[in-house]
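Scroll down for the structure; my scribbles are underneath it.
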Amino acid sequence: MSILVTGGAGYIGSHTVRALKKKNFNPIVLDNLVYGHEKIVTERLNVPFIEGDISDQNLISNLLKGNNLLTKESKIEGIIHFAAYAYVGESIKNPIKYYKNNVEKSLNLLESIVQFNKNSAQFIPIVFSSTCATYGYPQKVPISEDNIQNPINPYGWSKFFVERFLKDFGESYGLKSVIFRYFNAAGADPSSDIGEDHNPETHLIPLIFDVISGKKEILEVFGDDYPTLDGTCIRDYIHVNDLADAHIKGLNFLFNQKNKLKGFSPEIFNLGNGKGFSVKEVIEKVSLVTGKKINYKIAKRREGDPPVLISSSDKAFDILGWEPRYKEIELIIEHAWKWYCRNNSIN
Ligand code: UDP
């Protein structure tokens, strides 16, 4: 069964591609390579790769019809949509870039899928990669899916709008979807041949590694005056392979839905470990796992950072039977560090 993975050359996408392969799906990666890594797809994952844009409706429609050489053996039966820009800070500086890329292009992609579904006996469902950033300042922690969504940055809004499209298109066109709201993706495949490789890097754990490796002089801790025990922000770190597994379960859930012509509501799931760690605690844990001292200083708050984000993932457990395999942050950090060392040629 072929699955089109948009943004499959990125961090969570590439791990999901590997999980799909392990479960005998045939993933096909579509990525425009603005942030993705082609070699990861062609040399490490060894799956078909198409360089292109999700907003290219000709390309998408041909792919779905099976007109593309790469896919003629097996038709695409599901889509996992990761492709997006994901830098919160940049989204505040340049919201148009985020709305054009994440919202407008996703709208084009969804339109292509809806058109295809309208003219075909087959009904292609979609799994959408969203974020806990759509909650903004949560009313209640741990955060369950019914928490009011009120994003505090354009990145969060851009994901929120696509969630809204999925709701409306489910209602009006019967488009079936699962929406995953991830908490903080971290770690790497234990094989350490794929992992997190952002340029620029803005995420806490790889930035701490940058300080250890000397790439970065000092880590700035963004604010220590938050209403938390040690004053630094608390986040829920979830292993990227656990996120990947959830996508397989999400796809299977959609394949098991009866064909309804209209009135499908997206099924929404939070994905996290249900445990929070402050920035200072993460620094301590990284120090413990790597045996290195980390040089850091307190800096001012970063715009758009809520103080505490911790997931309740009960719904994913109840409906999908999903449960994180990597519950210990030490193991998540260990996998991330192994990958970081290999990717940066550190012995
Ligand atoms: N953080 C920090 N210094 C950095 C990068 C991140 O103090 O150089 C903090 C950030 O404010 C947040 C947490 O680490 O509270 C996790 O940030 P990250 O960017 O990794 O993920 P986000 O929570 O923004 O998705």
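Residue indices begin at 1 and follow the sequence shown. All ligand and atom numbering here is 1-based and tracks the order in the structure.
Residue-ligand proximity: Y237 is placed with a non-hydrogen atom under 4.0 Å from ligand 1. Between V279 and ligand 1 there is a heavy-atom distance shorter than 4.0 Å.
Within the listing of ligand 1, atoms 2 (C), 3 (N), 4 (C), 7 (O), 8 (O) sit less than 4.0 angstrom from a heavy atom of E220. Ligand 1 places these atoms under 4.0 Å from at least one heavy atom of C233: 15 (O). Per-residue contacts place T202 under 4.0 angstrom from the following atoms of ligand 1 (heavy atoms of the residue considered): 5 (C), 19 (O). For ligand 1, the atoms lying closer than 4.0 Å to a non-hydrogen atom of H203 are 18 (P), 19 (O), 20 (O), 21 (O). The N184 neighbourhood of ligand 1 comprises atoms 16 (C), 21 (O), 22 (P), 23 (O), 25 (O), with distances under 4.0 Å to a heavy atom of that residue.
Ring-plane geometry between Y35 and Y85 is classed as perpendicular, the angle between the planes exceeding 60 degrees on a 0 to 90 degree scale with a lower cut at 30. Aromatic ring orientation, W337 versus F209: tilted (interplanar angle from 30° to 60°).
Between D193 and the choices R18, R342, R44, the salt bridge (charged side-chain N to carboxylate O under 4.0 Å, His left out) rule is met once, by R18.
Considering backbone and side-chain N/O atoms, R302 comes within less than 3.5 Å of an N/O atom of ligand 1. Between L207 and ligand 1, no pair of N/O atoms sits closer than 3.5 Å. Between V221 and ligand 1, not a single N/O pair is under 3.5 Å apart.
Between the side chains of Y226 and S278, no donor-acceptor pair of N or O atoms lies under 3.5 Å. Looking only at atom types and distance, the side chain of Y340 has no donor-acceptor partner in the side chain of E196 under 3.5 Å away.
The protein heavy atom nearest to atom 20 (O) of ligand 1 is L204 N, 2.8 Å. In terms of protein heavy-atom proximity, atom 11 (O) of ligand 1 is closest to D305 OD2, 2.5 Å. At the shortest separation from atom 4 (C) of ligand 1 among protein heavy atoms lies F222 CE1, 3.3 Å.
Salt bridge annotation for K315-D146: absent, with no cationic side-chain nitrogen under 4.0 angstrom from a carboxylate oxygen. Under a 4.0 Å N-O distance rule, the pair E201/K216 does not qualify as a salt bridge.
Of all heavy-atom pairs spanning C233 and P306, the tightest one is SG-O, 3.7 Å.
Residues Y11 and V240 are in side-chain contact: their nearest non-hydrogen atoms beyond the backbone lie under 4.5 Å apart.
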